[in-house]
Amino acid sequence: MVSAVIKPFKLDEVREALSGVGVQGITVTEVKGFGRQKGHTELYRGAEYVVDFLPKVKIEAAVADELVERVIEAIEGAARTGKIGDGKIFVSPLEQVVRIRTGETGNEAI
């Protein structure tokens, strides 16, 4: 399972890059969070306030082991702006995958 937290405006580019390396499906969730940047301050009607959690997008893709490195490279290339807050990629093993409709398991279900 490859999960990535990226800037929202990079979603379309990342989706196209993943499609280009053979990823057939992804799950996208709108999330909020912060990393090293620790949020930022904004001005609203003359009052300054701190925005602790920044809007991000979390992408999850269940991929076969042989695709993992290409998926990481695709996400990295498409999501990078070179500025702080570009995001993170996480890779974790999947214990089991089952396609509900057909009952297929393992790589056939992905």
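None of these values were measured; they are calculated from a predicted model. Side-chain atoms are counted along with the backbone in the values below, which use heavy atoms only and exclude waters and symmetry mates. Counting from 1, the numbers follow the sequence of the chain as shown.
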J.: Going by heavy atoms in the side chains, are Leu18 and Ile26 under 4.5 Å from each other?
T.: yes
J.: Determine yes or no for a side-chain-to-main-chain donor-acceptor pair under 3.5 angstrom, with Arg99 supplying the side chain and Glu104 the backbone.
T.: no
J.: Determine, for Glu13 against Lys10, whether the closest basic-nitrogen to carboxylate-oxygen distance falls under 4.0 angstrom.
T.: yes
J.: Considering only heavy atoms from C-beta outward, does the side chain of Ser3 approach that of Lys58 to under 4.5 Å?
T.: yes
J.: Over all heavy atoms of both residues, which pair between Ala64 and Asn107 is shortest? Give the atoms and the distance, please.
T.: CB-OD1, 4.0 Å
J.: I need the minimum non-hydrogen distance between Ala78 and Ala17, along with the two atoms involved.
T.: CB-CB, 3.8 Å
J.: Are Val97 and Val63 connected in the hydrophobic side-chain network, where two residues link if heavy atoms are under 4.5 Å apart?
T.: no
J.: Same cluster for Val28 and Val5 if Ile/Leu/Val/Met/Phe/Trp/Tyr side chains link at under 4.5 Å?
T.: no
J.: Is it true that a side-chain atom of Lys56 and a backbone atom of Gly85 form a donor plus acceptor pair closer than 3.5 Å?
T.: yes
J.: Could you walk me through whether Leu54 and Lys32 pass the side-chain contact (heavy atoms from CB on, under 4.5 Å) check?
T.: CA-CA 5 Å; Leu54 302 173; Lys32 292 183 179 201; over 6 Å; no
J.: Pair Val31, Val57 - check side-chain contact (heavy atoms from CB on, under 4.5 Å), show working.
T.: CA-CA 6 Å; Val31 296; Val57 173; 6.0 Å; no
J.: Rounded to the nearest 0.5 Å, what's the gap from CD on Glu16 to CG on Leu11? Could you check?
T.: 10.0 Å
J.: Among the clusters formed by ILVMFWY side chains lying less than 4.5 Å apart, do Val2 and Phe90 turn up in the same one?
T.: no
J.: Thr27 and Ile59: side-chain contact (heavy atoms from CB on, under 4.5 Å), yes or no, with the steps?
T.: CA-CA 6 Å; Thr27 300; Ile59 299 168; over 6 Å; no
J.: Drop me the distance from Ile72's CD1 to Ile89's CD1, to the nearest 0.5 angstrom.
T.: 6.0 Å
J.: Please answer: with hydrophobic residues joined when any side-chain heavy atoms are less than 4.5 Å apart, are Val68 and Ile75 in the same cluster?
T.: yes
J.: Please tell me whether Ile110 and Val21 are part of a single hydrophobic cluster in this structure, the criterion being side-chain heavy atoms less than 4.5 Å apart.
T.: no
J.: Run the numbers on Asp86 and Ile84 for side-chain contact (heavy atoms from CB on, under 4.5 Å), then give the verdict.
T.: CA-CA 6 Å; Asp86 274 350; Ile84 194 163; over 6 Å; no
